[in-house]
Amino acid sequence: MNTTESRPGGILTLRVAHVIRETRDAVSLELAPASEQAKAVEYRPGQFLTLRIPSDLTGSVSRCYSLSSAPHENVPLKVTVKRTPGGYGSNWLCDNAIAGMAIDALPPAGVFTPASLDDDVLLVAAGSGITPVLSILKSVLSAGSGHCTLIYANRDEQSVIFAAELADLSARHPDRLLVVHWLETVQGLPTRAHLAALARPWCDREAFICGPGPFMDAASDALIGLGADRKRVHVEKFVSLSGNPFETAAPERTDSGESAAVEVELDGQTYEFPWPRQRVLLDVLLANGLAAPYSCREGACSACTCRIVSGQVEMRHNEVLDDADLAEGYVLACQAVPVTDTVQVTYS
């Protein structure tokens, strides 16, 4: 039986192979693609999937969940979902996901991923923020030569997702992995000062931070305060989607009206198209049949991030790229419209 289908707009249908109860509030879903669709779900450590979740009120809602599996493990895709009070998507998956069910997904996306697995990294996580961090950690240990320090904050010992796996990894890589646990029931809420004291010995490393918003702000401020280079401090930001990319109709192809010219490098190929000045780059690429990455289409998730090599664009909305990203030429394809007559873009 074909367990994965590729559908228009890049939508995939995956089969839930296993449901793993990680803690009292978290489950992992192993998602099985068909062999002929393996390339469509290739991913980098730290990326996420956008899932379509059924809803009696709206038909469906979309939610983004990080992959906790690692590309080099030769195991099924795995996302880990922690129940959020009042959160429809997380509660539905924790209560209803069963082996054998089908679930729609967009291809893996996101830029919260290391450029090299041979560099030493500092990983800072809280709660379910461990999910993309674990993917990075396992990839560095199994496919690279870097050293990892993980600072991991949780409410209590029973809330530590992947506790056994982290203990096993520490035992197998004692010279390359150090895990520092912080428990709120014992040590209180981690403050900027606490995190600075913990991170100080490794603040010169590339850093990846994921967790609740206030925690990420405190960890990022702590590292910057220690003198860390802002460009080497990566924060994974998820914003609740107000729209649903699964319900968005595919854009029609049209080259009428005033247009710029765009040259795009994507997946090792180069393409050239007219770019109507009132249309965002993502719609132009999708209308021309390119499998450009995207998720929210709202400028809130970074899945469609690309880099301007030459020319200029402006963005209608941006909630995720900071000044350093913009200075390096990164833009959101779902929000970018051309300013100059020619624009060169790369996704590499």
Test side chain to side chain donor-acceptor pair (under 3.5 Å) applied to His234 and Glu206, step by step: CA-CA 8 Å; His234 310 280; Glu206 197 97 12; 2.5 Å; yes

Co-membership, hydrophobic cluster, residues Val339 and Leu326, 4.5 Å side-chain: no

Any residue meeting salt bridge (charged side-chain N to carboxylate O under 4.0 Å, His left out) with Asp323, in chain and number order, not counting sequence neighbours: none

Short side-chain to backbone donor-acceptor contact, Gln269 and Leu266, under 3.5 Å: no

Check: Tyr65 ring centroid to Phe48 ring centroid under 6.0 Å: no

Close side-chain approach of Leu134 to Tyr152, heavy-atom, < 4.5 Å: no

Within one Ile-Leu-Val-Met-Phe-Trp-Tyr cluster: Phe112 and Leu67, side-chain cutoff 4.5 Å: no

Polar side-chain atom of Arg176 near backbone of Val140 as donor-acceptor pair, under 3.5 Å: yes

Thr340 (side chain) donor-acceptor with Gln312 (main chain) under 3.5 angstrom: yes

Exercise: do Ser28 and Thr80 side chains pair donor with acceptor under 3.5 Å: yes

Any donor-acceptor N or O pair under 3.5 Å, side chains Asp217, Ser220: no

Between Arg205 and Thr149: side-chain donor-acceptor atoms closer than 3.5 Å: yes

Check against side chain to side chain donor-acceptor pair (under 3.5 Å), Thr113 and Tyr43: CA-CA 10 Å; Thr113 184; Tyr43 65 102; over 6 Å; no

Heavy-atom check, side chain of Val313 versus side chain of Leu281, under 4.5 Å: no

Val111 side chain reached by Thr305 side chain, heavy atoms, under 4.5 Å: yes

Point-to-point distance, once rounded to the nearest 0.5 Å, from CG of Leu93 to CD1 of Ile98: 12.5 Å

For Ser135, all residues meeting side chain to side chain donor-acceptor pair (under 3.5 Å), sequence neighbours excluded: none

For Arg172, side chain to side chain contact (heavy atoms under 4.5 Å, CB included) partners two or more places apart: Asp168, Leu169

Polar side-chain atom of Trp92 near backbone of Ala97 as donor-acceptor pair, under 3.5 Å: no

Note, Ile103 side chain near Thr13 side chain (heavy atom, < 4.5 Å): no

